[in-house]
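Everything below concerns the one structure shown next.
Just so we're on the same page: letters track the sequence lines, and every chain starts at 1. Since the model is a prediction, treat every value here as computed from it, not as a measurement.
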Protein chains: 2
Amino acid sequence: MQSNLPHLQSTFTTDCVIFGFHEGELKLLLIERNEYPFKGWWALPGFFVENNETIDDAVKRILYEHTGLRGIYMEQLYTFGDLKRHPQGRIVTVAYYALLRLDDLKSQPEPVTDYARQAVWHPLNNLPELAFDHRHIIDKSISKVRRKISYSPIAFELLPEKFTLTQLQQLYEAIWDRKLDKRNFRKKMLNYNILKELPEFQRGVSYRAARLYKLDKRKYAKVFQNELTFAR
Amino acid sequence: MQSNLPHLQSTFTTDCVIFGFHEGELKLLLIERNEYPFKGWWALPGFFVENNETIDDAVKRILYEHTGLRGIYMEQLYTFGDLKRHPQGRIVTVAYYALLRLDDLKSQPEPVTDYARQAVWHPLNNLPELAFDHRHIIDKSISKVRRKISYSPIAFELLPEKFTLTQLQQLYEAIWDRKLDKRNFRKKMLNYNILKELPEFQRGVSYRAARLYKLDKRKYAKVFQNELTFAR
DNA sequence: TCAAAAGTGTTGTCCGTACACCCATGA
DNA sequence: TCATGGGTGTACGGACAACACTTTTGA
């Protein structure tokens, strides 16, 4: 236990990779920083963790401040502690990722804090240059989500409550970055028996309306217990 | 950023779950604490991270201090930041796990630091009561290793360089906590084509000596790239 | 010769994959 | 009537699971 270095910042931060899915495309919520360092740069929403809140609470708070949403699925990703990741000295960050139903958002999120000028959804395939090591954090979270969606039904956290099988398939395709066979995908997905077929259909489309489904939460819980292997 | 709580410790710690495998049994290296709080209790090796070392370096250092070994396979597990996990105030810990070849150890590890009285290997199935939230950290690391061994060849990090197929099978059985079929296991394992059959056999056993194998590192690298699914 | 573990194949089932056409709808 | 996506079945091959006996060795 030494203290032979001056510590600029005795605490640590948390950063959150916020995924959304809209119109067949994965998106990330980024903020434009309003504070030095990296003022004016795009970055992950994140901030210092208070001394009287858990890290989990801090991420929830930060996410709320940027989206006005609570009760979002989120999970800790990794802790980054490189000595040079922050220009002002050694600041460790505990990174999380969150999966968000984009239709829950009535409008563009408005940051309620000073440290961000704006919060904007960016397509995952076309991200701007990012502050700190945030690009690295994002890459790591994509790997994690890509793996996790293979054995855990987290995909549904990104979809609206009622969704079509095509939407579900597009989501898997976006995360895995490859095309899947429609018939095989549907066969497999329905075989898991975790979807409930609704007596409702899409509206407002100029072609045959697709049937809507939602999660059958009883069976969904079983899948979580048994950790089935998901579609490939 | 508040500071309305007295912080005893402005930094954070790292703890390491060290796995070993010997005589068909998984073991953990625990220390007996020589400092308050929890003086005299068993705990995971861990200590404060210095301000001029990365977290990765800190874990390596701590592991070296307890085993005299370097170059061990290790990976970050999770960061624990509950407000009440440490009786002296909010101390965040970044937990790692390490996989160790037990035959590398000439003798019992001797701690070279003051904060531990002794370091002892404990069978995973018979652990003493532990300090802090260390039991929780261990449970989480077991889940992680259990999953990871299914898609990544980390098992070999726990075995000696030359090993028998039975040893390999026993390791999987210990981690998954269930029996596997010998014929199916061998068939599958040899089909991955990552093992090199050696012209050597076990010695000193009072029954038919088993053939020794070692990793074929070329093919092993390929498996790491492609992330094959391992035996079930 | 006995005890202990090594080593070895076949069969059935399930799962993943490849692949193409008709249907329903709104414009 | 056309354009657009919705919806459907079959056949093959590979992987997994179940299952029991003979061989080798040292004591």
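- No more than 12 heavy atoms of other residues, nucleotides or ligands sit less than 6.0 Å from atom NZ of A/Lys196.
- Note: CZ (A/Phe185) to P (D/dG5) measures 18 Å, nearest angstrom.
- Considering only side-chain atoms of A/Arg208, the nucleotide from D/dA18, C/dA6, D/dG7 that sits closest is D/dG7.
- Which of D/dT4, C/dT10, C/dA6 sits closest to the side chain of B/Lys187 comes down to C/dT10.
- Distances were taken from every side-chain heavy atom of A/Lys188 (C-beta onward) to each of D/dG26, C/dG9, C/dT17; the shortest belongs to C/dT17.
- For A/Arg183 and C/dA18, the CZ to P distance is 12 Å, given to the nearest whole Å.
- D/dG6 atom C1' lies 12 Å from atom CD of A/Gln169, rounded to whole Å.
- At a threshold of 4.5 Å between non-hydrogen side-chain atoms, the residues A/Ser141 and A/Phe19 count as touching.
- When each of C/dT25, D/dA20, C/dA5 is scored by its nearest atom to the side-chain atoms of A/Tyr207, the top-ranked nucleotide is C/dT25.
- The base of C/dC15 lies outside donor-acceptor range of the side chain of A/Asn191, with no N or O pair under 3.5 Å.
- Among the atoms of the strands shown, base atoms are found under 4.0 Å from some heavy atom of A/Arg186.
- The nearest whole Å value for the distance from the CD atom in B/Glu197 to the P atom in C/dA6 is 15 Å.
- For A/Arg147 and B/Tyr151, the positive end sits near the middle of the six-membered ring, less than 6.0 Å away and at most 45° from its axis.
- A straight line from NZ of B/Lys179 to P of D/dC19 spans 17 Å, rounded to a whole angstrom.
- Each of C/dT8, C/dC19, D/dG6 was ranked by its minimum atom distance to the side chain of A/Asn184; first place goes to C/dC19.
- Summary of the strand contacts: A/Ser206 and A/Thr164 both lie near DNA chain D, and taking for each the nucleotide with the nearest heavy atom, the more 5' one is attributed to A/Ser206.
- Between B/Asp181 atom CG and D/dC21 atom P the separation is 15 Å, expressed in whole Å.
- At whole-Å resolution of the value, OH in A/Tyr172 and P in C/dG16 are 12 Å apart.
- We find that A/Asp57 and A/Arg61 are not joined by a salt bridge, their nearest charged nitrogen and carboxylate oxygen being 4.0 Å or further apart.
- In summary, B/Arg178 and B/Glu173 do not engage in a salt bridge, as defined by a charged side-chain N under 4.0 Å from a carboxylate O.
- Rounding to whole angstrom units, CG of residue B/Leu190 and C1' of C/dT8 are separated by 11 Å.
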